[in-house]
Amino acid sequence: MTRVLRVDSTSPEPHAIEEAARVLRGGGLVAFPTETVYGLGALALDERAVASIFEAKGRPRSHPLIAHVEGEAGALRVAARWDEQARRFAAAFWPGPLTLVVKRRADVPAVTSGFCDTIAVRAPAHPVALAILRAVGEPIAAPSANRFQTLSPTRAEHVLRTLDGRIDLLIDGGPCATGIESTVLALYTHPPRVLRPGAVELASLRRIDSSITAENEQARADEERASPGMDPRHYAPRARLRLSASRDDAERLARALFAEGRSVALLLRGDAPARPEDDGRIARRNLPSDAAGYGRELFAALHALDEAGVTDIVVEDVPTDPSFWAVADRLRRGSVG
Ligand code: TXA
Ligand code: MG
């Protein structure tokens, strides 16, 4: 069983932070909240500790991890160079949900960055993550705290769903405020390129550098990807996720699937009053209609529906508005067809 310590999310109790730091320094695995999703941490410069992250997650060794740092001083510990461009992005977005991929320092274990010659770095904004980083005084490698190809965790109980017994300690700091992973930006290419849409919007990045390009989100599975995390099978619930263009289409598809004997849930945006013909046999969940609220609740809703054992989740598609960039990406990659 994994030990769980509950902390105050804004001013975490020092004894819990000290315990997390002690376990990490001993080469152990600690899950902790960040503002995006829960991370599964180990010392980034300790090859064996990092190897155990891959073990616990069941993640292929070729998938690189993000080194979490307190700030730019920590970035210098893993980056071969930290140039003017990196400094500008860090100044604008750190601490926060932007991951910068730069050339890796030769003395950082190759396993940390999936044997790439680059390394992903991010300074998280969550007080608990920052307190742990400060207590440890070293970069912490942390992928999302879930088994490979399962839903990202935005609450402590989501971590336990797939990692209970596989990790030493879980610091429970309550629900994550953003709920969608960081934006991953490659700075080793010219122009810089977004490798994963995330909590920082493209337009905000382009205010720092207007030449930034973004991967075509419809990229097909057989295309070579710059970032292994772009695999379409990421972020999928156990149930089949099906996107519908409109609410009417979603309602129709849900009824048709139900008629086939499937256990169906509808995931709708905004207020969705029960329909007169609705006899309660199709589960309904409403997510906030704004992008920030929708992003915060999405993974938690999918976790809950998975727990409830539904076989199909019919999702009313989100607007094409740029604020839904990352949410639309996760829905598309989690869905079938
Ligand atoms: O918000 C987040 O980023 C969360 C929290 C815990 O910080 N972490 C997270 O880590 O989502 P993970 O491992 O689940 O996703 C990391 C993403 C993957 O898409 C991975 O391929 C990409 O970052 N990445 C990491 N290092 C890379 C590198 N050297 N080159 C290209 N892509 C890299
Ligand atoms: Mg992940």
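The basis for the numbers below is simple: all heavy atoms, side chains too, and nothing from hydrogens, waters or symmetry mates. One-based numbering, in listed order, for ligands and for the atoms of each. Computed from a predicted model, the values in this text were never measured in an experiment.
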Subset of ligand 1 atoms that lie under 4.0 Å from at least one heavy atom of Ser144: 8 (N), 9 (C), 10 (O), 12 (P), 14 (O)
Same apolar cluster: Leu5 and Leu160, side chain cutoff 4.5 Å: no
For Arg285, is there an ion pair with Glu297 - N to carboxylate O distance below 4.0 angstrom? no
I'd like to check which ligand 1 atoms, numbered from 1 as shown, lie under 4.0 Å from a non-hydrogen atom of Gly39. 6 (C)
When only distance counts, is Tyr188 in polar contact with ligand 1, meaning an N/O pair under 3.5 Å? no
Using a strict 4.0 Å threshold on nitrogen-to-oxygen distance, state whether Asp117 and Lys103 make a salt bridge. yes
Kindly assign one of parallel, tilted or perpendicular to the pair Phe324 and Tyr294, based on the angle between their ring planes and the thresholds 30° and 60°. perpendicular
Got a salt bridge between Arg25 and Glu138, using NZ or NE/NH1/NH2 to carboxylate O under 4.0 Å? no
Quick one: does His63 get within less than 4.0 Å of ligand 1, heavy atoms only? no
Distance-only side-chain donor-acceptor flag, Ser182 / Thr99, under 3.5 Å: yes
With atoms numbered from 1 as shown, which atoms in ligand 1 lie under 4.0 angstrom from a non-hydrogen atom of Val184? 23 (O)
Tell me whether Lys57 has any N or O atom under 3.5 angstrom from an N or O of ligand 1. no
Check each atom of ligand 1 against the heavy atoms of His68 and keep those under 4.0 Å away; list them by number with element. 5 (C), 6 (C), 7 (O)
Same apolar cluster: Val136 and Ile167, side chain cutoff 4.5 Å: no
Is there at least one pair of N or O atoms, one from Arg122 and one from ligand 1, spaced under 3.5 Å apart? yes
Could a heavy atom of Arg104 be found less than 4.0 Å from some atom of ligand 1? no
Does Thr99, backbone or side chain, put an N or O under 3.5 Å from an N or O of ligand 1? no
I'd like to know if Asp249 and Arg252 make a salt bridge, using a cut-off of under 4.0 Å between side-chain N and carboxylate O. yes
Which atoms of ligand 1 are found less than 4.0 Å from any heavy atom of Arg59? 12 (P), 13 (O), 14 (O)
Donor-acceptor contact present, side-chain Asp306 to main-chain Arg238, <3.5 Å: yes
Consider side chain to side chain donor-acceptor pair (under 3.5 Å). Of Glu181, His126, Arg122, His68, which one does Thr34 pass it with? Arg122
Could you list the atoms of ligand 1 found under 4.0 angstrom from a heavy atom of Glu181? 1 (O), 2 (C), 11 (O)
What are the atoms of ligand 1, with element, lying closer than 4.0 Å to any heavy atom of Leu195? 31 (C), 32 (N)
Ser182 versus ligand 1: do any nitrogen or oxygen atoms come within less than 3.5 Å of each other? yes
Going by the 4.0 angstrom heavy-atom rule, the piece of Pro64 near ligand 1 is both
Examine the proximity of ligand 1 to Thr118 and report which part, side chain or backbone, both or neither, has a heavy atom under 4.0 Å away. both
Tell me, please, if Ser144 has any N/O/S atom, main chain or side chain, under 2.8 Å from the Mg ion (ligand 2)? yes
Ile66 neighbourhood, listing ligand 1 atoms whose heavy-atom distance to it stays under 4.0 Å: 3 (O), 8 (N), 9 (C), 10 (O), 16 (C)
Asp248 and Ser246: side chain donor to acceptor below 3.5 Å: no
